[in-house]
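Written below as structure tokens is the structure these notes are about.
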There are 2 protein chains.
Amino acid sequence: MTEKNEVRTEENKVISPVVIKRLPRYYRYLGELLKNDVIRISSKELSKKMNVTASQIRQDLNNFGGFGQQGYGYNVEYLYNEIGKILGLDHINNIVIIGAGNLGQALANNQEFDSNGFKIIGLFDVNPRLIGMTVRGVEVYDIDMLEEFLRENDVMIAALTLPASKATKVAGELADLGIKAFWNFAPVDLNLPEDVIVENVHLAESIMTLSYRIHSK
Amino acid sequence: MTEKNEVRTEENKVISPVVIKRLPRYYRYLGELLKNDVIRISSKELSKKMNVTASQIRQDLNNFGGFGQQGYGYNVEYLYNEIGKILGLDHINNIVIIGAGNLGQALANNQEFDSNGFKIIGLFDVNPRLIGMTVRGVEVYDIDMLEEFLRENDVMIAALTLPASKATKVAGELADLGIKAFWNFAPVDLNLPEDVIVENVHLAESIMTLSYRIHSK
DNA sequence: TAGTCTATGTCAAATATTTCACATTTCATT
DNA sequence: AATGAAATGTGAAATATTTGACATAGACTA
């Protein structure tokens with residue numbers, strides 16, 4: 001029996017969420033190395049740069065297969081590409097942003113997403129002052145156009161950058177329209193069907209943990 | 001011997017980071033309950049709402065002392081306030097934002113921070129087109145004014161919403177000026193002295209884990 | 001080509017985290 | 001006032017995660 005939202009490799013092995021969370025960081029460091037024309041790296045060298053244990057790097061990577069070579073280490077470009085594939089960055093992932101305020105615009109302006117295959121193809125808002133404007137070539141549409149837009153475009157992800165008061169309702173509507181993945185910036189927990197994936201970015205929670213660490217010293 | 005960056009209660013007990021990360025979510029749910037005039041709640045009821053185990057809630061809270069009463073449960077307002085104290089939300093935490101682009105402005109506009117005691121008292125940028133403008137009553141200053149500003153104001157936290165290429169250098173300068181806590185939105189790992197606290201918000205890493213879950217189904 | 005050295009992949013041990021289970025306390029009802 | 005039900009706080013068990021250790025494959029040198 002497959003549990004809800006479980007994540008498995010081709011061999012049907014369950015990968016721990018903590019491992020998955022670390023992959024993008026490996027990917028970033030490997031990208032840096034690649035940019036600096038580094039050809040190969042050992043888990044020991046990488047562990048020193050990243051301030052983690054070499055053992056953890058090897059264990060993490062071995063969840064997905066043997067990418068290294070004994071006595072040699074890892075080929076940077078190969079490992080970079082393999083992790084990219086694991087993360088699904090070898091696909092174009094079309095994104096719509098719901099809420100074209102500062103945060104929505106900030107996401108649309110972020111080049112880092114583009115360069116990793118995340119393509120923002122539309123911003124949506126209710127505010128007539130925003131509708132029709134363009135952010136880095138991406139148009140802001142009336143949210144009433146969303147249904148039609150989703151019919152005509154292959155959208156993988158909806159980013160929710162709107163007030164919490166509206167997020168739950170809009171998310172439900174989007175799920176009904178077939179959106180299966182949400183990147184949620186609103187400070188609520190969306191309650192959606194089991195097969196829908198939600199990644200939360202709760203900024204207030206983030207700064208509260210920072211505050212905790214400041215005041216507990 | 002106290003390890004670097006360890007976080008302890010008054011009794012000198014080490015609190016696990018995973019517990020700390022969950023506290024703001026409890027705080028949010030309790031705030032909702034409070035708003036809805038709920039007087040008391042049991043760990044069981046709360047666990048159902050939050051989709052965690054009751055046992056985890058009780059274990060988490062007991063790290064900080066007994067806030068509940070057997071046979072009764074937890075008083076919502078009391079528990080809300082106690083968690084707020086644990087998180088340091090009973091203080092005003094002054095924040096400066098370095099980088100007044102969309103993301104910096106989005107943070108300045110976010111009312112949720114205000115209402116939890118986080119007060120944004122200045123935005124800083126190098127862009128002359130931004131300098132002098134005002135976001136929700138907060139002025140954008142020339143970054144050259146930063147040193148003077150920090151001398152005259154009690155700033156707890158610097159939010160870094162600037163390009164990765166500049167973040168490392170600016171963070172180092174701010175640390176030299178005495179800033180002890182950074183909320184880092186740039187996609188780099190800051191390398192700062194051990195006593196400096198860094199909370200990272202790596203948005204690209206967040207969406208990559210979302211992508212992973214989409215493509216691994 | 002042989003020998004030495006390096007560094008992976010992996011098993012096992014050590015830690016950390018979560019869940020279970022229950023004694024005890026308190027609430028609520030009769 | 002007595003009884004039953006509810007729910008905490010807390011040890012202990014069960015899981016999960018991280019670290020350590022090393023046999024072995026393969027790189028590199030001479």
Side-chain angles (χ1 to χ4, degrees), chain A residues 3 5-9 11 13-23 25-26 30 33 38-80 82-83 86 209, chain B residues 1 3 5-9 11 13-23 25-26 29-30 33 38-80 82-83 86 209:
Chain A
E3 285 297 313
N5 283 334
E6 247 178 27
V7 148
R8 293 156 181 270
T9 57
E11 298 83 9
K13 205 179 90 182
V14 181
I15 308 290
S16 149
V18 297
V19 173
I20 297 166
K21 281 221 201 81
R22 284 193 291 262
L23 292 181
R25 188 157 178 261
Y26 296 142
L30 290 165
L33 291 168
V38 177
I39 303 296
R40 75 183 223 190
I41 193 155
S42 68
S43 59
K44 194 175 166 191
E45 286 174 278
L46 187 57
S47 74
K48 225 177 292 173
K49 277 185 193 295
M50 296 187 63
N51 205 32
V52 298
T53 63
S55 185
Q56 182 165 78
I57 292 174
R58 293 204 299 277
Q59 285 276 30
D60 283 353
L61 296 179
N62 265 91
N63 281 291
F64 303 96
F67 300 128
Q69 204 158 25
Q70 289 178 333
Y72 176 89
Y74 299 90
N75 176 282
V76 172
E77 187 174 6
Y78 174 70
L79 184 56
Y80 177 79
E82 287 301 311
I83 295 179
I86 293 167
T209 66
Chain B
M1 288 284 111
E3 285 296 314
N5 283 335
E6 248 178 27
V7 147
R8 292 155 183 272
T9 56
E11 297 83 11
K13 204 178 88 183
V14 181
I15 308 290
S16 149
V18 296
V19 173
I20 297 165
K21 282 219 202 81
R22 284 193 291 262
L23 293 180
R25 186 154 178 264
Y26 297 142
Y29 273 83
L30 290 164
L33 291 168
V38 177
I39 303 297
R40 76 183 220 192
I41 193 155
S42 68
S43 60
K44 195 175 165 192
E45 285 174 278
L46 187 57
S47 75
K48 225 176 295 175
K49 276 185 194 293
M50 295 187 65
N51 205 33
V52 298
T53 64
S55 184
Q56 182 164 77
I57 293 174
R58 293 203 301 277
Q59 285 277 25
D60 283 352
L61 296 178
N62 265 90
N63 281 291
F64 303 95
F67 299 128
Q69 203 157 23
Q70 289 177 334
Y72 176 88
Y74 300 90
N75 178 281
V76 172
E77 186 172 6
Y78 174 69
L79 185 56
Y80 177 80
E82 287 302 309
I83 296 179
I86 294 167
T209 66

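Convention: sequence-line order gives letters A, B, ...; per-chain numbering from 1. Hydrogens, waters and symmetry mates are skipped; everything else that's a heavy atom, side chains included, is used.
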What's the [atom1]-[atom2] distance between [X] and [N], to the nearest Å?
X      : N       : atom1 : atom2 : answer
Y74(B) : dA6(D)  : OH    : P     : 17 Å
Q59(B) : dG9(D)  : CD    : P     : 11 Å
I57(B) : dT8(D)  : CD1   : P     : 9 Å
D60(B) : dT8(D)  : CG    : P     : 13 Å
N51(A) : dT18(D) : CG    : P     : 14 Å
N62(A) : dT17(D) : CG    : C1'   : 16 Å
I20(A) : dT17(D) : CD1   : P     : 10 Å

Are [X] and [Y] close enough that some pair of their side-chain heavy atoms sits under 4.5 Å apart?
X      : Y       : answer
L23(A) : T209(B) : no
I83(B) : L61(B)  : yes
V52(A) : L46(A)  : no
I57(A) : S47(A)  : yes
K49(B) : L33(B)  : yes
Q69(A) : Y74(A)  : no
D60(A) : Q56(A)  : yes
R40(A) : Y72(A)  : yes

(request) For the helix from dT1(C)-dA30(D) to dT30(C)-dA1(D), measure the angle between the helix axis at one end and the axis at the other, each built from five pairs, rounding to 10°. (result) 30°
Please find the pair of heavy atoms, one from [X] and one from [Y], that lie closest to each other, and give the distance.
X      : Y      : result
F64(B) : V19(B) : CE1-CG1, 4.1 Å
R58(A) : S43(A) : NH1-OG, 3.0 Å
Q59(A) : N63(A) : O-ND2, 3.1 Å

(request) Respond yes when some side-chain nitrogen or oxygen of S43(B) is under 4.0 Å from OP1 or OP2 of dT8(D), and no when none is. (result) yes
(request) Heavy atoms of chain A, cut-off under 4.0 Å: which first and last nucleotide of DNA chain C, 5' to 3', fall inside that, if you could look? (result)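 With heavy atoms of chain A under 4.0 Å away, the range is dT6(C) to dA12(C).
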(message) If you assign T53(B) and E45(A) each to the DNA chain C nucleotide with the nearest heavy atom, which residue ends up on the more 5' nucleotide?
(response)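 It is E45(A), whose closest nucleotide lies nearer the 5' terminus.
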(message) Across nucleotides 21-30 of chain D, 5' to 3', mark each nucleotide with B, S or - according to how protein heavy atoms within less than 4.0 Å reach it.
(response) B--BBSSS--
